[in-house]
Amino acid sequence: MEEIKSTNFIEEFINKDLADGKIEEVVTRFPPEPNGYLHIGHAKSLCINFGMKEKYNGKCNLRYDDTNPSKEDVEYVNSIKEDIKWLGFEWDEELYASDYFDRMYDCAVLLIKKGLAYVCDYTAEQIKATRGTLTQPGEESPWRGRSIEENLRLFEEMKEGKYADGTKVLRAKIDMASPNINMRDPVIYRVLRATHHRTGDKWCIYPMYDFAHPLEDAFEGITHSICTLEFEDHRPLYDWVKVNCGFGDFPRQIEFARLGMTRTIMSKRYLKKLVDEGKVSGWSDPRMPTLSGMKERGYPPEAIRRFCQEIGVSKSQSEVDVCMLEHFVRDYLNVNADRMMVVKDPIKLIVANAAEDEIYQIENNPNAEVKTTHAVSFSRELYIDRDDFAPVPPPKYKRLVPGGKVRLKGSYILEYVSHECDADGNVTSVTCNYIPDSISGGVNASIKVKGVIQWVNAKDCIDLTLHEYDYLLLDGDGDFNDRLTPDSHKIYPNAKGERYLSDAKQYDRFQFMRMGYFSAVKDYGKDGKYEFNQITGLKDSYGK
RNA sequence: AGGGGUAUCGCCAAGCGGUAAGGCACCAGACUUUGACUCUGGUAUUCGUAGGUUCAAAUCCUGCUACCCCUGCCA
């Protein structure tokens with residue numbers, strides 16, 4: 001294989017292993033525990049692991065790390081699968097840690113036979129009490145010296161169900177005085193009576209992560225087991241299991257810093273709480289930082305991948321500004337999202353000199369690589385947004401004002417004639433004349449106007465539902481605080497039902513996530529077969 | 001007897017002894033049938049800190065400091 005330039009430290013490891021001839025193919029894996037939905041943090045891991053497969057033309061397996069039946073569920077394995085596909089990744093093999101339970105059991109027996117594991121009768125409390133502390137060594141279990149024969153017999157009896165949950169465990173015999181607490185005779189098998197979502201009640205003992213993970217990796221021929229930083233301390237144990245169970249230099253564990261993002265809750269525990277307490281409609285609620293929530297929100301998967309690519313990979317603890325994610329969403333949408341016109345708070349606009357109805361084509365997206373158009377109809381009665389007409393214009397106002405001109409996007413230039421107000425002084429309608437031949441290409445098209453506004457034909461526009469999202473502030477402990485209702489965070493559905501998020505307001509002093517309500521607001525566009533509406537997912541087009 | 005990590009612009013992040021890439025954000029102009037987009041220009045004399053080695057250090061050495069992770073029969 002020819003040498004490939006590395007762009008991060010993980011690739012440096014891989015390139016070295018390749019250059020040294022230690023491996024011929026790169027094999028990675030994405031190993032979620034099916035105990036929740038995937039979120040944006042998982043997207044980073046997904047992009048790294050599948051990224052290695054793509055870059056090195058290797059393999060990447062999807063493997064469910066289902067070694068704790070008390071927390072796991074098939075609902076999650078299905079959602080995980082869907083979300084990975086949605087992001088656009090293809091795994092080579094779909095595997096389950098539970099498929100290896102027999103082989104893992106055999107490995108445990110092997111360790112016992114080598115005198116490297118023993119059955120311990122301590123309770124969880126006793127194990128904790130004798131583990132020592134960060135600064136003091138632990139003390140050895142009185143069961144540490146059991147004979148191999150006795151250990152073999154007891155372990156088999158554990159498997160056969162002779163012992164109650166929590167009464168016996170299998171421990172690796174390593175070093176109770178190790179400064180690395182993970183090496184102080186870690187538990188590698190526990191008795192646990194719970195129905196497993198795949199193996200049912202076949203087993204009543206289950207392997208622990210530290211024992212299971214290196215074996216899963218080794219069984220599958222994983223070359224690089226990429227995980228997050230908090231497992232760095234576990235690497236010696238990972239290697240201990242790997243070597244003592246008869247494997248060589250590979251797989252190798254490499255750790256990177258997990259994704260932290262401003263204003264985003266990434267703790268699975270807390271996300272689950274939101275779902276369980278009904279604060280959100282579910283894991284796929286558009287306010288959730290889950291992949292399915294972002295999908296619901298209208299985030300394109302390409303944007304998420306691009307984001308993951310651009311934030312890079314390192315070992316320094318970091319918190320990426322959520323603006324970065326939103327940038328790549330906008331960046332993608334700018335080129336790929338169809339533009340339609342929408343009027344949020346309509347007032348009637350009468351085109352006094354309009355003779356007959358017209359239909360013409362306007363571009364779906366002027367930034368698209370392949371230009372397409374859609375039909376728009378024009379008539380004597382239109383709607384424009386209340387914000388787009390100012391009886392008394394503020395400074396620097398660029399839209400319609402008494403005595404002024406403005407262009408209807410994709411259509412004619414309008415000249416103000418008059419306007420009417422109700423008893424409270426609210427504008428109820430505006431009357432204008434259009435300037436003939438002022439559509440693009442016409443002889444009057446070059447007349448200078450201050451601004452361009454969106455509009456819809458009153459005759460054939462349709463109502464839309466505008467989903468408005470509120471934020472719920474969370475304090476440092478993750479408890480709910482008072483509500484805040486920023487005005488700039490709205491989600492507009494387009495004709496395909498996709499929703500794009502507008503730019504978010506910034507709050508510095510709190511962690512918070514999107515919460516709130518859906519409010520139905522009348523919007524006016526064209527009927528279903530015409531595309532309409534506006535620049536969703538882009539920065540507000542009208543500044544202050 | 002504690003161990004393991006990390007420290008480069010407001011936020012990510014390149015850099016691997018030869019004199020601080022890039023992206024986000026921000027600021028200023030230009031352009032514009034979306035006040036968007038696009039474009040142009042501007043943003044670290046300095047790399048946690050104090051010393052040392054060297055003609056030359058963010059990069060090597062030494063000592064400090066700050067932050068993160070580890071005492072589940074979770075993963």
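Computed over heavy atoms, backbone and side chain alike; hydrogens, waters and symmetry mates excluded. Each chain gets a letter, A, B and so on, in the order the sequences are listed, and its residues count up from 1.
For an aromatic pair to be called close, the ring centres must be under 6.0 Å apart, and A:Phe30 with A:Tyr64 fails this.
The separation of B:G63 from B:G23, taken at their C1' atoms, amounts to 36 Å, rounded to a whole angstrom. Comparing the C1' positions of B:C37 and B:A30 gives a spacing of 14 Å, expressed to the nearest Å. Nucleotides B:U6 and B:A25 have their P atoms positioned 30 Å apart, rounded to a whole Å. Comparing B:U46 with B:A21, their C1' atoms are spaced 15 Å from each other, to the whole Å. Using C1' as the reference atom, B:U71 and B:G52 are 39 Å apart when rounded to the nearest Å. Using atom P as the reference point in both B:U49 and B:A58, the two lie 11 Å apart (nearest Å).
Taking atom CE of A:Met324 as the reference point, atom C1' of B:C9 lies 13 Å away to the nearest angstrom. A:Asn182 has its CG atom 11 Å from the P atom of B:C73, to the nearest Å. Rounded to an integer number of Å, the gap from CD of A:Gln317 to C1' of B:C69 is 10 Å. Rounding to whole angstrom units, CG of residue A:Asn35 and P of B:A75 are separated by 10 Å. As a whole-Å value, the separation of A:Glu139 CD from B:A1 C1' is 16 Å. One atom, CG of A:Leu325, and another, P of B:A25, lie 12 Å apart when rounded to the nearest Å.
Atom CD of A:Glu156 has 12 or fewer neighbouring heavy atoms from other residues, nucleotides or ligands inside a 6.0 Å radius. No more than 12 heavy atoms of other residues, nucleotides or ligands sit less than 6.0 Å from atom CD of A:Glu369. With a 6.0 Å radius and a threshold of 12 heavy atoms from other residues, nucleotides or ligands, A:Lys371 has its NZ atom above the threshold. More than 12 heavy atoms of other residues, nucleotides or ligands sit less than 6.0 Å from atom NZ of A:Lys55. The number of heavy atoms from other shown groups lying within 6.0 Å of CZ (A:Arg146) is above 12.
Among the heavy atoms of the strands, none lies under 4.0 Å from A:Ile413. Base contact: A:Lys398 has a heavy atom under 4.0 Å from a base atom. Nucleic acid contact for A:Lys128: sugar-phosphate only, since backbone atoms but no base atoms lie under 4.0 Å from a heavy atom of the residue. Residue A:Tyr189 is out of contact with every strand shown, counting any heavy-atom pair closer than 4.0 Å. Heavy atoms of A:Ile362 sit nowhere under 4.0 angstrom from any nucleic acid atom. Heavy atoms of A:Thr130 sit nowhere under 4.0 angstrom from any nucleic acid atom. Using a 4.0 Å heavy-atom distance criterion, A:Val169 is classed as a base contact. Residue contacts shown for A:Ser316 are limited to sugar-phosphate atoms, with no base heavy atom under 4.0 Å away. Heavy atoms of A:Gln126 sit nowhere under 4.0 angstrom from any nucleic acid atom. Residue A:Thr67 is in sugar-phosphate contact alone, with no base atom involved, counting any heavy-atom pair closer than 4.0 Å across all strands shown. Across all strands shown, A:Val449 has no heavy atoms under 4.0 Å from either base or sugar-phosphate atoms. At a threshold of 4.0 angstrom between heavy atoms, the contacts of A:Gly451 with the nucleic acid are absent.
When each of A:Ile311 and A:Tyr397 is assigned the nucleotide of RNA chain B with its nearest heavy atom, A:Ile311 is the one assigned upstream, toward the 5' end. Residue-to-nucleotide proximity on RNA chain B shows that, of A:Pro207 and A:Thr7, the 5′-proximal contact is made by A:Thr7.
With A:Glu216 as reference, A:Arg63 is the one residue of A:Arg63, A:Arg29, A:Lys242 to meet the salt bridge (charged side-chain N to carboxylate O under 4.0 Å, His left out) rule. If you run ring-ring contact (aromatic ring centres under 6.0 Å, His included) between A:Tyr189 and each of A:Phe101, A:Phe155, A:Tyr206, only A:Phe155 comes through.
Taking 4.5 Å as the limit, every side-chain heavy atom of A:Ile384 sits out of range of all side-chain heavy atoms of A:Arg399.
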Could you write out each protein N or O paired with an N or O of nucleotides 41-43 of chain B at a distance under 3.5 Å?
none

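At the phosphate of B:A25, OP1 or OP2 sits under 4.0 Å from a side-chain N or O atom of A:Arg330.
Heavy atoms only, all atoms of each residue included: A:Leu46 and A:Leu38 are closest at CD2-CD2, 4.2 Å.
Proximity of residues 225-240 of chain A to RNA chain B (heavy atom under 4.0 angstrom from any strand atom) is restricted to A:Glu230, A:Phe231, A:Glu232, A:Asp233, A:His234.
A cation-pi arrangement is present between A:Arg198 and A:Tyr96, with the terminal nitrogen or guanidinium carbon under 6.0 Å from the aromatic centre and inside a 45° cone about the axis.
The base of B:U71 has none of its N or O atoms less than 3.5 Å from a complementary donor or acceptor on the side chain of A:Arg131.
Of the N and O atoms on the side chains of A:Tyr383 and A:Asn457, not one donor lies less than 3.5 Å from an acceptor on the other residue.
Syn is the glycosidic conformation of B:G72, whose angle stays within 90° of 0.
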